[in-house]
Structure formats: structure tokens, C-alpha cells
Protein chains: 2
Amino acid sequence: MARRLSKELRQKELLRELEMDPLQTDEALAQRFGVSVQTIRLDRLELGLPEMRERARDLAEQAQQIRSMLISDLIGELEHLELGKSARSALTTEPSMGFARNTIVRGHYIFAQANSLAVAVVDAETALTASARLRFVRSVRVGERIVAEANVVSQKGNKHLVRVVSRVRGETVFTGTFIIVARAESDPTGRERA
Amino acid sequence: MARRLSKELRQKELLRELEMDPLQTDEALAQRFGVSVQTIRLDRLELGLPEMRERARDLAEQAQQIRSMLISDLIGELEHLELGKSARSALTTEPSMGFARNTIVRGHYIFAQANSLAVAVVDAETALTASARLRFVRSVRVGERIVAEANVVSQKGNKHLVRVVSRVRGETVFTGTFIIVARAESDPTGRERA
DNA sequence: GTATAATTAGGATCAGGTGCTAGGAGCTCA
DNA sequence: TGAGCTCCTAGCACCTGATCCTAATTATAC
């Protein structure tokens, strides 16, 4: 049974190996495990692992999704926007947004949604967050859908006071008060941020 | 010159097309533009664009980086950690962290680094952000390296007051005061967040 | 109408695979 | 000892999405 054990072990290692670095060819993997390329192919077949090019494509697609979802200027989907007045966006939370050891969504995703919305609602070429006060009222579980609503409370000069409330199924999970500064595109001296 | 113009136009379109969806083969692109595959190849050659498989690989590598960098529990690299007392982390900002229209880093990345650090410094199984006050003192440009320092100011029961200051080349760009709540792993009733 | 630029076509070759067939090594069991 | 089994290796034909190279055709400019 030493043979079979070694096979099982190799396949487990193979999984770990590909998780660490998915962009390895069968050739490289074969060398790494001291077996023939065919053996690696059989292993992949048994484990249902796709070939390197597919793995690359899958990852590439993920990257695009991540890019458009998490790294877009507005995090979450914009559902409503009345410039200078109010806005609403929805964010469906994903496992990648949670802590590694539990299913609680990490605060900066909730903040990111609220902050993006606060910046978006201000009617200006460039708007940056100057300061904020946040309250995380209740923890959010991975999979829950967060609806954030932003309202411009007041405006003095280029300073906008924006209030954001985020809810999950109607229950408030987060509130934040943002001071957003509108800045002319031509003004390069950054004194504030978003 | 209509031909040459059409060529220039096609190459511009090609760039935009591939930016939108990089996972297209020459074949598909040829059909899309109504030209032969060879023409697309020549265009790619002139524009210095890599083949589809390379594009996929590049994206895949990015995805891995994004995964490990932005979606890890601690954003930025931990440079120092004394549990319950202080911590320091560094974050080199990337183009993907900036706004689409300028090179200013968006606030939630700065917050994410600070928030992660504040949570990490608290010596507890699970620590969640309950509330925070933030000040974005100065805008950060893409490429700048942010060093965040967190100090536990006080502790009352399971509530920790953590102060975070983020600097770029010694200059303060962000300050935040976080109230972090430590929670026993066994307590499933989420009343606070991180 | 001819020079020049742009496009198309064809063939050889490559990487990194799939799918299939076949053979040998190593172990178990009777 | 040999049959039966799993596991590994090997070889060959084929596929996709490319490469590089040469040659021919078409469009446009002068």
C-alpha cells in the first residue's frame, strides 16, 4: 500500500502546490514531484483540475471581477443618485470580504461602500473625504446585502456634510458622518482626501 | 489616407477593446473588426501587445497579488507588532487604489490599512471595530508609501481605544481614533464590527 | 500608372495541453 | 510461482492560439 499512499500524498501536495501557485505547467509539476508528465495529467484528471491555461483564464476573470467590483470608484451598485442631495447603493458581501477565521465582513468594506457613496453624491469634479465619524452598530455576515443611503445634510462653501446609513434587511448596521471637500480639478495642492 | 486613418482608428479601438475584455483571441478580434487574423497580429506587434495567453497570465498574477495584498486580513505589510500595545505597517499604494481620473489614492485604502492595524494590535481572538473618528489630513498620491502606526491608548473591559497615525515620508496624512471591541470566539451575537 | 502602404494568405513551427492505447513495475493473494 | 491488481510511464495523433517568414494582392497617394 506504500504506492497508493504515495499517490494520495502526491495528489494532496499537488492541490496545495497549485493553490499556492496556479500558473505551473504539467511539465514543471512533473519535475517538482519527480514523476512523469503523464502522471501529473492523470492526477489532474482524477482531481478534476483544469489545465494551466484554464486556471490562468479563471484567475484572470476573477481579477476583472475584483477590479470592477471592489476597486471601482463606487463600491457596490449604485441604485439611485440625485447629485448634491442623496444616493443609494447596494453591496452583496462575499467570502473574500470576511475575516479568515469567521464569516464577519471586515469593516473597511462597509466603510468603502459608505465612503464611495458619500464622495459620489457630492456634485463636483473631484471630491475628497476630509474627515469622518463612524459607528459600526452591528456586525455583518458574509452573504448579507448592505444597502447604504447617503444624504447631503449641509453645504458651506466647498465643504459638504454627508450622512450615510447602511442597513441589512432594514436593520441599521453602520452610520457615518462624512465631511467631503469638493476641489477644482485645476488645484493640485492636496489638502484633503478621499 | 482613409485607409491609414482606418488603421489608426482600428488600433485605438483595439486597445480599448482589450482593456475592456483582455481575454479575446486574435480570431475573435479579427471577426469583430472585420479584418483578417494576420492584420490583428500586425496591429498587436505594432502596439506591443502580448498574446492572449500572456494577457491572461499577467491578469492571473495580478489577481494573486490583489488577493494576498488587498484582501488579506492585514492590509499592508506588518513591520512591527507588540500585542496590546503598538503596531506598525507599511502600504505601497498602487494605481489600482487611485481614482480613475486622477492619481489620488482613495480614502478607503488608507482607512483599510489603519483599521486592519487597529484590529491587529488588539490582543484578542476576535476584535471588531465599534466606532472610529477619522481625519484625512493630506491627499496621498499613487505610488507613495504609507506607514501607519497604531497605539493602544486605553482599555476598559473589552473596549480598546486605539490611535492610528499614517504618514508619508514623515508627513502625517491621516489620523484615526478607533474603538475596538474584543469578543470571545464563543459569543455569536454580533453587537459590533470590524 | 506606378510607388508605397496596408492587408491577406499559406506553410512551418511551437507550447501546453487532450485522448487514446499499450506496456512495464511493484505489490498482494492464493 | 503466477495471476490479478494498481500505478506509472511512454508514444502517437490531434487541438488551440499563437509565432515567424515569405509572397501575393489590394488600396491609396502622388
Side-chain angles (χ1 to χ4, degrees), chain A residues 1-69, chain B residues 1-69 95-96:
Chain A
M1 273 319 208
R3 261 283 146 105
R4 172 170 295 174
L5 185 73
S6 127
K7 182 187 174 184
E8 274 179 39
L9 263 179
R10 190 187 56 235
Q11 297 196 343
K12 270 183 199 164
E13 288 281 309
L14 186 63
L15 281 170
R16 286 205 310 121
E17 187 68 26
L18 283 181
E19 201 160 336
M20 277 175 48
D21 180 9
L23 302 181
Q24 297 182 78
T25 62
D26 289 353
E27 176 77 44
L29 292 164
Q31 270 198 292
R32 196 183 172 305
F33 289 105
V35 295
S36 70
V37 176
Q38 285 78 358
T39 302
I40 296 294
R41 306 241 222 258
L42 287 174
D43 284 347
R44 277 202 296 105
L45 213 71
E46 286 184 30
L47 297 169
L49 299 174
E51 63 171 271
M52 187 217 68
R53 287 156 179 162
E54 264 185 75
R55 297 194 297 269
R57 269 219 332 269
D58 293 350
L59 271 177
E61 275 165 22
Q62 273 189 34
Q64 287 182 280
Q65 278 188 12
I66 291 172
R67 195 170 307 293
S68 64
M69 237 200 82
Chain B
M1 272 322 208
R3 258 283 145 108
R4 172 170 296 173
L5 185 73
S6 125
K7 183 188 173 182
E8 274 179 39
L9 262 179
R10 189 188 55 235
Q11 295 195 346
K12 269 183 199 162
E13 288 281 307
L14 186 63
L15 281 170
R16 287 206 308 121
E17 187 68 26
L18 284 181
E19 200 160 335
M20 278 176 46
D21 180 7
L23 301 180
Q24 296 182 77
T25 63
D26 289 352
E27 176 76 44
L29 292 163
Q31 271 199 293
R32 198 184 170 304
F33 289 104
V35 295
S36 71
V37 176
Q38 284 78 356
T39 302
I40 295 294
R41 305 240 223 259
L42 288 173
D43 284 347
R44 276 204 296 105
L45 212 72
E46 286 184 29
L47 298 169
L49 298 173
E51 64 172 85
M52 185 216 70
R53 296 194 275 233
E54 264 185 75
R55 297 195 296 269
R57 269 218 332 268
D58 293 349
L59 271 177
E61 275 165 22
Q62 273 189 34
Q64 287 180 278
Q65 278 188 14
I66 290 172
R67 193 169 309 295
S68 63
M69 236 197 85
S96 64

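Chain letters run A, B, ... following the sequence lines, proteins first and then strands; every chain starts at 1.
- Salt-bridge check for B:Glu13 with B:Arg10: failed, with every basic side-chain N at 4.0 Å or more from each acidic carboxylate O.
- Not counting sequence neighbours, the partners of B:Asp26 by the salt bridge (charged side-chain N to carboxylate O under 4.0 Å, His left out) test are B:Arg41, B:Arg44.
- Between the NZ atom of A:Lys7 and the C1' atom of D:dT9 there is a distance of 14 Å, given to the nearest Å.
- A:Arg10 has its CZ atom 16 Å from the P atom of D:dT6, to the nearest Å.
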Protein within reach of the bases, or only the backbone? For nucleotides 17-23 of chain D, mark each nucleotide 5' to 3' as B, S or -, using heavy atoms under 4.0 Å.
BBB----
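- For the helix from C:dG1-D:dC30 to C:dA30-D:dT1, the axis fitted to the five pairs at one end and the axis fitted to the five pairs at the other end meet at an angle of 0° (nearest 10 degrees).
- The interatomic distance linking B:Leu9 (CG) with C:dA6 (P) rounds to 14 Å, in whole Å.
- For the pair A:Leu42 CG and C:dG23 C1', the interatomic distance rounds to 14 Å; values are reported in whole Å.
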Side chains of residues 46-54 of chain A: which donor-acceptor pairs under 3.5 Å do they make with residues two or more places apart or in other chains?
unit_1, atom_1, unit_2, atom_2, d
A:Glu46, OE1, A:Lys7, NZ, 3.3
A:Glu46, OE1, A:Gln11, NE2, 3.2
A:Glu46, OE2, A:Lys7, NZ, 2.9

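- Using a 4.0 Å heavy-atom distance criterion, A:Val35 is classed as a sugar-phosphate-only contact.
- Residues forming a side-chain contact (heavy atoms from CB on, under 4.5 Å) with B:Asp58 (at least two apart in sequence, or on another chain): none.
- D:dT6 atom P lies 15 Å from atom CD of A:Gln11, rounded to whole Å.
- Residue A:Glu54 contributes atom CD, which lies 14 Å from atom P of D:dT16 at whole-angstrom precision.
- A:Glu8 places its CD atom 14 Å from the P atom of D:dT6, with the value rounded to the nearest Å.
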Could you give the side-chain donor-acceptor pairs of residues 27-34 of chain B under 3.5 Å, partners two or more places apart or in another chain?
unit_1, atom_1, unit_2, atom_2, d
B:Arg32, NE, B:Glu17, OE1, 3.1
B:Arg32, NE, B:Glu17, OE2, 3.1
B:Arg32, NH2, B:Glu17, OE1, 3.3

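- Taking the side chain to side chain donor-acceptor pair (under 3.5 Å) definition, one finds that B:Ser36 meets it with B:Thr39, sequence neighbours left out.
- Atoms CD1 (B:Ile40) and P (C:dT7) sit 10 Å apart, rounded to a whole Å.
- From A:Leu45, atom CG reaches atom CD1 of A:Ile40 across 12.5 Å, with rounding to the nearest 0.5 Å.
- Residues passing the side chain to side chain donor-acceptor pair (under 3.5 Å) test with A:Arg57: none are found, sequence neighbours excluded.
- The CG atom of B:Leu18 sits 9.5 Å away from the CG atom of B:Leu23 when rounded to the nearest 0.5 Å.
- Side-chain N/O atoms of B:Ser36 include none lying less than 4.0 angstrom from OP1 or OP2 on C:dT7.
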